[in-house]
Peer 1: 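My questions will all concern the structure given below.
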2 protein chains.
Amino acid sequence: MVVTKSLASRVKPARMQPKAAAEASEDLPPNLGELADLLGYSLKRAQLRVFEDFLRVMTPLQLTPAQFSVLLLIEKNPGRNQTEVASTLGIQRPNFVTMLDSLESRGLCVRLRSASDRRSHVLMLTDKGRATLMRAKKLVAAKHEARLSELLGESNRVVLVQMLAKIAREL
Amino acid sequence: MVVTKSLASRVKPARMQPKAAAEASEDLPPNLGELADLLGYSLKRAQLRVFEDFLRVMTPLQLTPAQFSVLLLIEKNPGRNQTEVASTLGIQRPNFVTMLDSLESRGLCVRLRSASDRRSHVLMLTDKGRATLMRAKKLVAAKHEARLSELLGESNRVVLVQMLAKIAREL
DNA sequence: CTCTATTTGATATAGTGAATAACAATTATC
DNA sequence: GATAATTGTTATTCACTATATCAAATAGAG
């Protein structure tokens, strides 16, 4: 809660930008003004940074955030079909086809014709997929989430995730 | 801080997902598993929701989040050139040209040849641009940010923005 | 059971955002 | 004064997203 308080306390003492600075600021970096208080703006900038860091950490395994989330979901819910997995992640079915083509061609997962419904493909991780996912999880935990936890403090990181989840769920 | 605490306290009592539920969950929604704890995932989902709400609220003015941020920045920093405004927002100069074409063709801003450096275009809001931006600000404050503040609590909303800004700044 | 409607995975296609290379005009630098 | 760097611009490419449509398979109504 320490970082939280220090962050919150920073709200009021935030340097007031010189009111009538119409043309005063020369060669200085432009002033963000009210943009700094817009949740959507900081949300997008932060998301880009976090994804950037994720990709950097995941370079040896060549997994994008989306691909990692697909592997995680298949591992946690084996036997689901494409429609179920795609819709859970908010991915359109046509776009999910290409994603699966990529993962399957790399030998990380397989599509199996369902015995009960021969329209659908049951998704499963291969051994290689499980091994890759395990290594990916360790990388993410050790180098990515650990860095965020160090930056924010673990309790703040957790609070942040909870607030973001609430926005995604209830807004 | 109430909501913050309630959110934080939810961390431990979070419903443990049934361990050996390999194939048990049928016709139930797939389980997110470790995805729910990934900051990048909740960050992206929340960002999509927030932008969606922003666009909905801004429908009468037909401004995207990016366009709104450009108008805000020009208002706050009149006389800046395209390179300065674009780089402040993390927009590539070539892509910023199209954005400005759109805003200028709608009569919201103008490019003026700088007297001191005739390579650069000085950016200024038009009267219409100022009026539109003022209406946009009111819409955002009254219908968009207010909704987020209601959802999270104002103090939590502020803390959230501060944490996101810290990530964007220091990660 | 048959006919129709729905679902699933897939293809094609289009729109948007973002990135790089290259260019003319202008300015800065040596 | 010759060369390098900067500004706005164009063209182009790539990734991601969204919609319409299709064949195969299933579900449902009569």
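Predicted, not measured: the structure shown is a model, and the values here were computed from it. Labels below follow one simple rule: chain letters A, B, ... track the order of the sequence lines, proteins then strands, and each chain is numbered from 1.
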Peer 1: Any chance the side chains of B:Arg93 and B:Gln82 put a donor and an acceptor closer than 3.5 Å?
Peer 2: no

Peer 1: Counting only distance, no hydrogens or angles, is the base of C:dT26 paired donor-acceptor with the side chain of B:Arg118 under 3.5 Å?
Peer 2: no

Peer 1: Run through A:Thr132, A:Asp127, A:Thr126 and flag the one making a side-chain hydrogen bond (donor to acceptor under 3.5 Å, both in side chains) with A:Arg130.
Peer 2: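 Going through the options one by one, the only one that passes is A:Asp127.
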
Peer 1: Remember a base hit wins even if backbone is also touched, and classify A:Arg93 as base, sugar-phosphate or nothing at under 4.0 Å, heavy atoms.
Peer 2: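 Result for A:Arg93 = nothing.
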
Peer 1: Check this one for me: any side-chain N or O of B:Arg111 less than 4.0 Å away from OP1 or OP2 of D:dT9?
Peer 2: yes

Peer 1: Using atom CG of A:Leu48 as one end and atom P of C:dG17 as the other, report the distance to the nearest whole Å.
Peer 2: 13 Å

Peer 1: Is any side-chain nitrogen or oxygen of B:Lys44 closer than 4.0 Å to OP1 or OP2 of D:dT17?
Peer 2: yes

Peer 1: Nearest to the side chain of A:Gln82, which nucleotide is it out of D:dA27, D:dT7, C:dG9?
Peer 2: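 Out of D:dA27, D:dT7, C:dG9, the nucleotide with an atom closest to A:Gln82's side chain is C:dG9.
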
Peer 1: How far does CG of B:Leu89 sit from OG of B:Ser69, to the nearest 0.5 angstrom?
Peer 2: 4.5 Å

Peer 1: On DNA chain C, does the nearest nucleotide to A:Pro94 precede the nearest nucleotide to B:Asp117 from the 5' side, or the other way round? Give the residue.
Peer 2: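 That would be A:Pro94.
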
Peer 1: Specify the separation, in whole Å, of atom CD of B:Glu104 and atom P of D:dT9.
Peer 2: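 The distance from CD of B:Glu104 to P of D:dT9 comes to 8 Å, rounded to the nearest Å.
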
Peer 1: Please state whether the phosphate of C:dA19, meaning OP1 or OP2, lies under 4.0 angstrom from any side-chain nitrogen or oxygen of B:Gln92.
Peer 2: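 For C:dA19, OP1/OP2 do have a side-chain N/O of B:Gln92 under 4.0 Å.
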
Peer 1: Mind calculating the distance between CZ (A:Phe96) and P (D:dC16) to the nearest angstrom?
Peer 2: 14 Å

Peer 1: What is the separation between atom CZ on A:Phe51 and atom P on C:dA18, rounded to the nearest whole Å?
Peer 2: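 Interatomic distance, CZ of A:Phe51 to P of C:dA18: 14 Å.
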
Peer 1: Before giving the answer on side-chain hydrogen bond (donor to acceptor under 3.5 Å, both in side chains), spell out for B:Asn81 and B:His121 the whole-Å C-alpha distance, their side-chain angles and the decisive distance to 0.1 Å.
Peer 2: CA-CA 5 Å; B:Asn81 65 27; B:His121 290 168; over 6 Å; no

Peer 1: Which one, C:dT8, D:dT26, D:dT7, comes nearest to the side chain of B:Ser120?
Peer 2: D:dT7

Peer 1: Between B:Ser116 and A:Asn81, who's closer to the 5' end of DNA chain C by nearest nucleotide?
Peer 2: A:Asn81

Peer 1: Round to the nearest Å and state the distance from B:Asn95 atom CG to D:dC14 atom P.
Peer 2: 16 Å

Peer 1: Which nucleotide in the list D:dA18, D:dT9, D:dT26 gets nearest to the side chain of A:Arg119?
Peer 2: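 Among the listed nucleotides, the one closest to the side chain of A:Arg119 is D:dT26.
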
Peer 1: Roughly, in whole Å, what's the span from CD1 in B:Ile91 to C1' in C:dG17?
Peer 2: 10 Å

Peer 1: State, to 0.1 Å, how close A:Met124 and A:Leu112 come at their nearest heavy-atom pair, and which atoms those are.
Peer 2: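 In this case the closest contact between A:Met124 and A:Leu112 is CG-CD1, 4.0 Å.
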
